[in-house]
Amino acid sequence: MKTTWNVLEEIVRAYPGGLSSASISNQVAPEVIRESLKKYDFGKPLPLDLLTQEVSDLFSKWSLHVSHPGYLGLFIPATTEASVVADALVALYNPQLAVWSHAPAANEIESHVLKYISGKIGYPEPETFSNFTSGGSEANHTALLVALAKQVPAYVNEGVCSLERRPMVYMSVAGHNSFDKIVKNIGLGLKSLRKIETDDTWRINLATLESQIESDISAGFRPAVIIGTAGTTASGAIDSLPELAALAKKYNMWFHVDAAWAGAAVLSKALRHHLSGIELSDSVTIDAHKWFSVAMGAGMFFTRHPEAVQVAFGIPAVYMPSQAQTEPYATTLQWSRRCIGLKLFMTLAEKGEEALIAQMEYQCKLTGHLRDRLTASGWKIVNDSPVGVLNFTHPQVLSGLISADDLRNRLELGGEFWLSTVPLPRHGKVLRACVTSFHTTEEHLDRVVEQLNDQLTNYSL
Ligand SMILES: *Cc1c(COP(=O)(O)O)cnc(C)c1O
C-alpha cells in the first residue's frame, strides 16, 4: 500500500529524468481541461494519494514544461531539488514572517542569504536593507515607493497631488513593462514614465536621456528616478551602469538597477564586470527565481537607504505582537509574509556557490555554441548579450518568405523546443533564445538548429 508520500516521492524523482523524452508542451483548449475538472465537485472526499497522482498527471499533460532541456524561453529556470524540499518545509511549518518573534529561524535564514547577496552586489554593510518579494515586479514596485519616499517625502503624507513638480522616472524602451503597471498603481501615471530610446546595442541612449532630463527640468518637472536595466528581456542588454550612476548623482536622482535576470551574475568573477556600476546604485532588483534556479516566486529587493524604507512603509499596528518599526510588516509591501528565501538558502547551501557559478558560466558558453551553430548555417545574429540571450533572424525571414512567428510556431509543434519571438527596432520580429534549464546541453542546441533549418527547407519546397 503506497502512502501519499511514496506517491509524491516517485513523482518528484521521476520528473527531471523523464523530461527529455516527454513533449515540452501539448496544445489544449480550456474546455478540455474544464471538462476533466468537472468530476471535482468537492462533494465527496478523495484520498490524498490518489488526488496527488491525478493532479500531477494534469500538470504533466497540460503544462509548458519550463524545466525541459528544450525550453529556451523567458528566464524561467529548471528548479533545484532543494527548492522543492524548501517549499514543502515552508508549507509544513507555515512560518509567519510579518513579525520576527513569530518566525525567528525563518527571518534570520532570509536575512542571512540576503546579506550574502547584498555583499556580492558590493553594498556596504551594515547600512543596507533588503527583503524577499514575490518577484521582480514587487521588488521594482518597492524600489519606486522607497525612491519617492526619499526624493519627494511629501508624497508619503500628502499624496502625489500635493507635489508642485511632477516626479519623473526614466528607463529605456527596452526596460521591463512592470514599470508601466507600477507608475499606474502608485499614482504617478504613465506620463511620468519616460522611455528613452536605445542605441545599436539596445542599451539606453545616454545623450537622449540627459537631454530629456534637462528639458523636463525646464518644463517644471522633477526628475526623480533613473532605472538601469541589467539584462533586458528582449535582448539581454545591460545598460551602462556607471554612466547612469553618474547622471543620477549629477541631477540628484535615485538610481535603481533592475537586474531581475542578470543580477545573479554578481556571484561570478568571470561575469561580474558586465554588471560593474551596480554597486553605485540606490536600489537593486534581483530575482532568485530566474538565474538562481529556484522555484517561483522569489524576488529580492536591496537598497542602501534603510531610513527611506522606514518612511515608505512604517506603520504602527496595535494588534501586532510588536510595533517595532523594523518588523517586516513595517518595512515591506506585504503584510503576512511567507518564507520565500528558504529555497535560495537551501539551493546555495546544498550546491555551494562554485557549482551555481559554474552553471551560469556554462549556460553562457552554451549560448555561444548556439550562436556559432546558427551562424554556420546562415542565420544572422543581431545582438551581443553577455548574459545568454540570443536574438537571431534569417535572410528568408528578412526577405518576407516566412515570418519569425511562423517558424517559431512550427518548431513548437515538433514538441521538443520552445522559444519566443520579439520585435526589435531596425530588424522587425526576430527569434529569441535563452538557455535557462540546467538540463540543456550542446546536443539539444545542435538539434534545435537542425529543426529550424528543416523548417526553412520545408517552407521553401
Ligand atoms: C522578469 C523580470 C521582471 C519581472 O519580474 P517578475 O519576477 O516576473 O515579477 C522585471 N524586470 C526584468 C528585467 C525581468 O527580467
Side-chain angles (χ1 to χ4, degrees), residues 64 66 71-77 79 83 87 117 121 130-145 147 169-186 193 195-196 198 202-204 225-241 244 255-266 271 274-275 277-278 281 283-302 332-334 338 340-341 343-344 360 363 367 383 385-391 419-420 422 424 432-436:
L64 172 58
V66 293
Y71 183 75
L72 305 173
L74 298 167
F75 298 155
I76 311 167
T79 55
S83 28
D87 268 358
I117 308 277
I121 290 172
S130 44
N131 67 273
F132 278 97
T133 61
S134 56
S137 187
E138 186 193 324
N140 285 339
H141 193 154
T142 302
L144 280 202
L145 290 173
V169 178
Y170 303 77
M171 72 172 186
S172 90
V173 288
H176 197 268
N177 291 105
S178 55
F179 286 106
D180 297 66
K181 214 193 278 185
I182 293 162
V183 291
K184 288 207 279 186
N185 284 335
I186 64 178
L193 182 60
K195 296 201 181 175
I196 307 299
T198 49
W202 289 287
R203 292 189 183 90
I204 192 165
V225 183
I226 296 180
I227 298 158
T229 310
T232 59
T233 312
S235 305
I238 299 179
D239 286 336
S240 312
L241 305 180
L244 291 182
F255 177 37
H256 175 67
V257 177
D258 180 4
W261 161 254
V266 292
L271 298 171
H274 296 298
L275 294 164
I278 194 171
S281 64
S283 56
V284 173
T285 288
I286 302 178
D287 263 340
H289 68 214
K290 286 181 176 165
W291 224 356
F292 281 108
S293 293
V294 312
M296 287 183 275
M300 294 177 282
F301 168 73
F302 303 90
T332 68
L333 205 46
Q334 298 182 14
R338 171 185 167 78
I340 297 167
K343 45 201 165 190
L344 180 59
M360 280 187 267
Q363 287 181 343
T367 315
N383 73 326
S385 167
V387 288
V389 181
L390 209 57
N391 297 138
L419 48 72
S420 59
V422 67
L424 284 183
R432 176 193 179 282
C434 180
V435 178
T436 57

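Counting starts at 1 for both ligands and their atoms, following the listed order. Note: hydrogens, waters and symmetry copies are ignored here, and every other heavy atom, side chains too, is used. Just so it is clear, the structure is predicted and the values come from calculations on it, not from any experiment.
Put simply, OG1 on T436 and CD on Q363 are 7.0 Å apart, with the number rounded to the nearest 0.5 Å.
Looking only at side-chain heavy atoms (C-beta outward), I117 and L344 come within less than 4.5 Å of each other.
Distances below 4.0 Å separate heavy atoms of G135 from the following atoms of ligand 1: 7 (O), 9 (O). With ligand atoms numbered from 1 in the order given, ligand 1 contributes 15 (O) to contacts under 4.0 Å with heavy atoms of F75. Counting atoms of ligand 1 from 1 in the listed order, those under 4.0 Å from a heavy atom of G231 are 13 (C). Set against the non-hydrogen atoms of D287, the atoms of ligand 1 under 4.0 Å away are 1 (C), 5 (O), 6 (P), 7 (O). Interface of G136 with ligand 1, defined as ligand atoms under 4.0 Å from a residue heavy atom, comprises 5 (O), 6 (P), 7 (O), 9 (O). Heavy-atom proximity to S137, at under 4.0 Å, picks out these atoms of ligand 1: 4 (C), 5 (O), 6 (P), 9 (O).
Within the 3.5 Å criterion, the main-chain N or O of I182 finds no donor-acceptor partner in the side chain of H141. No donor-acceptor distance shorter than 3.5 angstrom exists from the side chain of R432 to the backbone of L390, with no hydrogens or angles considered. Checked by atom type and distance alone, the side chain of N391 never pairs as donor or acceptor with a backbone atom of N383 at under 3.5 Å.
Relative orientation of the F75 and W261 rings is parallel, given thresholds of 30° and 60° on the angle between their planes.
Annotation: atom 2 (C) of ligand 1 to nearest protein heavy atom, K290 NZ, 2.3 Å. Protein heavy atom closest to atom 10 (C) of ligand 1, with residue, atom name and distance, is H176 CG, 3.2 Å.
Counting heavy atoms closer than 4.0 Å to ligand 1, residue N140 contributes side-chain atoms (C-beta onward) but none from N, CA, C or O. With a 4.0 Å cut-off on non-hydrogen atoms, H289 touches ligand 1 through its side chain and not its backbone.
By the 4.0 Å heavy-atom criterion, E138 is excluded from the residues contacting ligand 1.
When each of T229, V169, T285 is paired with H256, the side-chain contact (heavy atoms from CB on, under 4.5 Å) condition holds for T285 and for no other.
Remark: among candidates T233, D258, V257, the nearest residue to atom 11 (N) of ligand 1 is D258, based on non-hydrogen atoms.
For the residue pair H274 and I238, the shortest heavy atom distance occurs at O-CG2, 3.5 Å.
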